[in-house]
Amino acid sequence: MTSVDFRILGPVEARVDGELRMVPGLKPRALLAVLLVNRGRVVSSDAIAEAIWEGQGPGAYAASLQVYVSTLRRTLGSASGRQLVTRQPPGYRLIVDDDAVDLGRFEKSAAVGNELLRTRRYAEASAKFRAALAQWSGPALADLSELRFAAEFAVAVEEERLVVLQARIEADLACGRVSEVVGELTTLTGQYPLREQFWVQLITALYRLDRQADALDASRRIRELLGDELGIDPSPALRELEHKILRQELLPAAGAGERSQGLLQTVNATVAGSSFARLVLSSGQVVAISSKGLRIGRMDDNDLVLDDVKVSRYHAHIVDVGTGFAITDLRSTNGTTVGSERVLDSRVLRHQDVIGIGSGQYIFECEPG
């Protein structure tokens, strides 16, 4: 049997029986990327054309698209006696298992890690999260960054990577590997200074290393950053963490391999656990949010397609972080709001939050697990 392995968490690559197969040309590689992102699903020819020509394609793009499909078929060959790229009206479909794509392996390992984290099997969860993160070799679709669809996809999947990274650190902290992650967290808070969860984890780790003064200094720095950059106060979770440090209410660090529920509650304070979530549209329609999340936008390869000129092609992404849900704005033109506040990067969602996208408002509902 022929084995195939595709990579999009970095430059686009295709390997057949371990041999690297070069896909010639930007647009054939872009076609492969679109099909891999939507693997197993039919992608319409119009959606493919919008992604790789961005509205600037030839008047009769169908012929050019057929040429690119033929190029892909010749490059990839067949697996188990069948073509990998098939024609299915109104477009094309790539038939490949999730395990044959780095994105699929990333999502699968992350989902298992989230379940292990939920059941407090921290060492196993950490290993699964590390396996997920090991699938990355650079920014997603790095060699297609000049195309808007690739840039928007890279932003969305990078958010997923950061969520998994946070979960891996959470699992390591719960295992008592506090000193091992302090340096990493110091770097991460420098790279992502407005991402509060990394600060929550850093402050917690510093306190558990008996570095109370450093923990309070870190708390002061994130307060100043949020005030200076965004004009907002820290989240309730961060304020409560600071109060716990001042009152010395945090539990001592867990020993290596021990399970520290107190720590898990501290670093997880910004999200509420859930087993089911959905969006309620103004029409009353209910859209379920799966463990793979919900992508929202105008393009028909989104999970929730909104026919609204104020909605970007790939507008927002609601992602299951294992212990709750968060929404990420995908650099949309008109922005995403939760309540009256604009989402600048990502924001944790709570039951009955009102999400504004384009001209519509959507109610987020979740049932506690």
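Taking Arg148 as the reference, Glu50, Glu54, Arg313 meet the side chain to side chain contact (heavy atoms under 4.5 Å, CB included) condition, with sequence neighbours excluded. Listed by chain and number, the residues in a side chain to side chain donor-acceptor pair (under 3.5 Å) with Ser219 are Glu242 (sequence neighbours excluded). In this structure Gln135 satisfies the side chain to side chain contact (heavy atoms under 4.5 Å, CB included) test together with Leu9, Asp102, Arg105, Phe106, sequence neighbours excluded. When the side chain to side chain donor-acceptor pair (under 3.5 Å) test is applied to Thr186, no partner is found at least two apart in sequence or on another chain. Residues that satisfy the ring-ring contact (aromatic ring centres under 6.0 Å, His included) test with Tyr362, not counting sequence neighbours, are absent from this structure. Evaluation of the side chain to side chain contact (heavy atoms under 4.5 Å, CB included) rule for Glu158 yields Trp136, Arg161, Leu162, Tyr192 as partners, not counting sequence neighbours. With sequence neighbours left out, the side chain to side chain donor-acceptor pair (under 3.5 Å) criterion links Gln66 to no other residue. Under the side chain to side chain contact (heavy atoms under 4.5 Å, CB included) criterion, Ala127 pairs with no residue at all, not counting sequence neighbours. With sequence neighbours excluded, the residues that form a salt bridge (charged side-chain N to carboxylate O under 4.0 Å, His left out) with Asp217 are Arg220, Arg221.
A donor and an acceptor atom, one from each side chain of Ser312 and Asn334, are nowhere located under 3.5 Å apart.
In this structure, the side chains of Asp172 and Phe129 stay at 4.5 Å or more apart for every pair of heavy atoms. Using a 4.5 Å cut-off on side-chain heavy atoms (C-beta onward), Phe198 and Ile169 make contact. Taking 4.5 Å as the limit, every side-chain heavy atom of Leu20 sits out of range of all side-chain heavy atoms of Arg7.
The hydrophobic cluster of Val309 has no other members, since no ILVMFWY side-chain heavy atom comes under 4.5 Å of it. Summarising the hydrophobic clusters (Ile, Leu, Val, Met, Phe, Trp, Tyr; side-chain heavy atoms under 4.5 Å, direct or chained), the residues clustered with Val42 are none.
Between Arg342 and Ser332, the shortest heavy-atom distance links the atoms NH2-O, 4.1 Å.
Distance alone, capped at 3.5 Å, places no donor-acceptor pair between the Asp214 side chain and the Leu206 backbone. Under the 3.5 Å distance criterion, the side-chain polar atoms of Thr187 are matched with a main-chain donor or acceptor of Gly183. Counting only distance, with no hydrogens or angles, the side chain of Asn38 and the backbone of Leu35 share no donor-acceptor pair below 3.5 Å. Proximity of a side-chain donor or acceptor of Ser126 to a complementary backbone N or O of Tyr122 within less than 3.5 Å is not detected. A donor-acceptor pair under 3.5 Å links the side-chain atoms of Asp17 to the main chain of Ser3, judged by distance alone. The backbone N or O of Arg295 lies less than 3.5 Å from no partner atom in the side chain of His317, so there is not a single donor-acceptor pair. Judged purely by atom type and a 3.5 angstrom limit, Trp199 has no side-chain atom pairing as donor or acceptor with the backbone of Arg223. Remark: side-chain polar atoms of Glu196 are paired, donor with acceptor, to backbone N or O of Ser235 under 3.5 angstrom.
The residue from Ile355, Val354, Val280, Leu281 that alone fulfils the side-chain contact (heavy atoms from CB on, under 4.5 Å) condition with Gln361 is Val354.
Using a 4.0 Å cut-off between a side-chain N of Lys or Arg and a carboxylate O of Asp or Glu, Arg298 and Asp307 do not qualify as a salt bridge.
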TODO: Go through the steps for Asp301 and Tyr314 under the test side-chain hydrogen bond (donor to acceptor under 3.5 Å, both in side chains), then give the verdict.
DONE: CA-CA 9 Å; Asp301 56 342; Tyr314 299 97; 2.7 Å; yes
- [ ] Determine, stepwise, if the pair Glu184 / Arg177 fulfils salt bridge (charged side-chain N to carboxylate O under 4.0 Å, His left out).
- [x] CA-CA 12 Å; Glu184 181 180 12; Arg177 300 168 183 163; over 6 Å; no
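For the atom pair CD1 of Ile327 and CG of Asp353, the computed distance is 9.5 Å after rounding to the nearest 0.5 Å. Atoms CZ and CG, from Arg21 and Leu72 in turn, are 12.5 Å apart once rounded to the nearest 0.5 Å.
Sorted by first and then second residue, the salt bridge (Lys or Arg N to Asp or Glu O under 4.0 Å) pairs involving residues 135-145 (not counting sequence neighbours) are Arg29-Asp143.
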